[in-house]
Amino acid sequence: MKNRLLFLGPPGAGKGTQASLICKEQSLLHLSTGDLLREEVSAHSDLGKEAESIMNRGELVSDEIVLSIVEKRLSYNKKGWLLDGFPRNLAQAGLLQDLLDKLDQPILAVLLLDIDDDILIKRMLSRGRKDDTELVIRNRLKIYRDITSPLVNHYKKLGILKSVNGSGNVEDVNSQIKAALIETV
Ligand code: B4P
């Protein structure tokens with residue numbers, strides 16, 4: 001199976017859930033920018049203080065902050081990795097490309113978790129994280145549509161995009177992802 005992966009999809013699509021399973025099974029480094037930012041917030045670091053209010057509004061943290069937390073982790077990895085929730089816009093995709101060119105570690109597959117808004121909203125409301133109120137969720141969905149979704153075409157043009165329907169249960173979606181990642185992209 002491919003060992004340098006990127007998971008793309010709207011908030012609440014199950015990127016984190018599925019990325020954890022694949023990384024455990026394939027011994028890949030799981031890099032979730034959302035989780036890493038939440039760790040910084042819990043630790044009350046300077047970076048966390050800067051990110052907290054932005055995340056609570058459902059907006060995107062600056063590219064500079066996000067890149068800094070990804071760069072140091074990718075630089076020391078040999079076995080393979082899965083990027084979950086990063087990049088979130090075309091500028092981040094460009095910065096990531098420059099970093100991966102430097103490290104000589106190209107992305108081998110991009111997996112899009114495709115799912116309807118009403119299912120996403122239901123899932124996130126029942127999760128109940130601080131940024132999971134209906135108003136903030138709608139803002140995150142709008143930001144996904146306006147700013148993140150152009151990445152779908154970007155990676156499609158590069159010929160490395162695979163799409164999986166994320167509306168089934170966790171096991172079904174996991175099987176579909178594995179089947180998609182075994183096929184040649
Ligand atoms: P993230 O942490 O990336 O959160 P997410 O998109 O909401 O969640 P995900 O798709 O991983 O869904 P999950 O598996 O948890 O981002 C949070 C915030 O961080 C952003 O709004 C932004 O402010 C900031 N941020 C992160 N990365 C950034 C970047 N690169 N640049 C700038 N800012 C950034 O699943 C959701 C729920 O559904 C869970 O409760 C789960 O249990 C459930 N679920 C999952 N799969 C299911 C299934 N198949 N069936 C039923 N329920 C399921």
Side-chain angles (χ1 to χ4, degrees), residues 1-38 60 63 66-67 69-71 73-74 77-101 103-124 127 140-141 143-185:
M1 193 183 283
K2 297 179 194 310
N3 68 342
R4 289 194 296 273
L5 308 171
L6 200 153
F7 274 18
L8 201 61
K15 300 181 294 292
T17 305
Q18 296 297 334
S20 299
L21 290 172
I22 296 285
C23 287
K24 207 168 160 193
E25 290 167 10
Q26 306 294 324
S27 305
L28 302 179
L29 171 72
H30 180 188
L31 269 181
S32 157
T33 43
D35 287 350
L36 293 170
L37 288 167
R38 282 185 286 278
L60 296 183
D63 298 342
V66 176
L67 191 78
I69 61 175
V70 171
E71 185 164 10
R73 290 169 172 89
L74 274 187
N77 190 263
K78 296 268 179 284
K79 271 194 167 173
W81 38 258
L82 191 163
L83 295 175
D84 158 16
F86 172 82
R88 280 287 223 274
N89 59 32
L90 287 166
Q92 290 183 7
L95 293 167
L96 174 65
Q97 192 59 53
D98 294 344
L99 172 64
L100 296 178
D101 286 348
L103 299 173
D104 196 21
Q105 294 187 29
I107 302 167
L108 299 177
V110 176
L111 193 121
L112 170 67
L113 273 177
D114 212 5
I115 186 164
D116 289 341
D117 283 7
D118 48 347
I119 304 181
L120 300 172
I121 293 171
K122 234 186 253 166
R123 281 188 189 172
M124 284 188 279
R127 178 174 62 181
R140 286 158 63 199
L141 287 171
I143 288 175
Y144 175 77
R145 270 191 295 270
D146 295 348
I147 299 176
T148 307
S149 69
L151 292 173
V152 173
N153 256 336
H154 172 76
Y155 288 115
K156 203 185 267 174
K157 281 191 204 145
L158 294 177
I160 52 174
L161 188 86
K162 282 273 168 190
S163 183
V164 158
N165 184 327
S167 51
N169 66 35
V170 173
E171 292 73 27
D172 288 344
V173 179
N174 180 249
S175 308
Q176 285 187 64
I177 291 176
K178 282 193 284 202
L181 292 178
I182 286 167
E183 285 170 31
T184 317
V185 179

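Excluded from the calculations below are hydrogen atoms, water molecules and symmetry mates; all remaining heavy atoms, backbone and side chain alike, are included.
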So do the side chains of [X] and [Y] get within less than 4.5 Å of each other, counting heavy atoms only?
{"X": "Val66", "Y": "Leu60", "value": "no"}
{"X": "Val110", "Y": "Leu5", "value": "no"}
{"X": "Tyr155", "Y": "Pro87", "value": "yes"}
{"X": "Leu21", "Y": "Gln18", "value": "yes"}
{"X": "Leu96", "Y": "Leu6", "value": "yes"}

Please answer whether the main-chain N or O of [Y] pairs with a side-chain N or O of [X] as donor and acceptor at a distance below 3.5 Å.
{"X": "Asp116", "Y": "Asp118", "answer": "no"}
{"X": "Arg4", "Y": "Leu108", "answer": "no"}
{"X": "Lys15", "Y": "Leu113", "answer": "no"}

Donor-acceptor pair between Asp172 and Gln176 side chains, under 3.5 angstrom: no
Donor-acceptor side-chain pairing of Asn174 and Lys178 below 3.5 angstrom: yes
Heavy-atom pair of closest approach, residues Ala13 and Ile115: CB-CG2, 3.8 Å
Closest contact, heavy atoms only, Leu112 versus Gly9: CD1-CA, 4.1 Å
Intermediate values then yes/no, side-chain contact (heavy atoms from CB on, under 4.5 Å), Asp117 and Arg145: CA-CA 11 Å; Asp117 283 7; Arg145 270 191 295 270; 2.8 Å; yes
Identified side-chain contact (heavy atoms from CB on, under 4.5 Å) counterpart of Trp81 within the set Val70, Leu29, Leu28, Asn3: Leu29
side-chain contact (heavy atoms from CB on, under 4.5 Å) between Leu83 and Ile107, worked out: CA-CA 10 Å; Leu83 295 175; Ile107 302 167; 5.7 Å; no
Reported CG-to-CZ distance for the pair Leu151 and Arg88, which is rounded to 0.5 angstrom: 10.0 Å
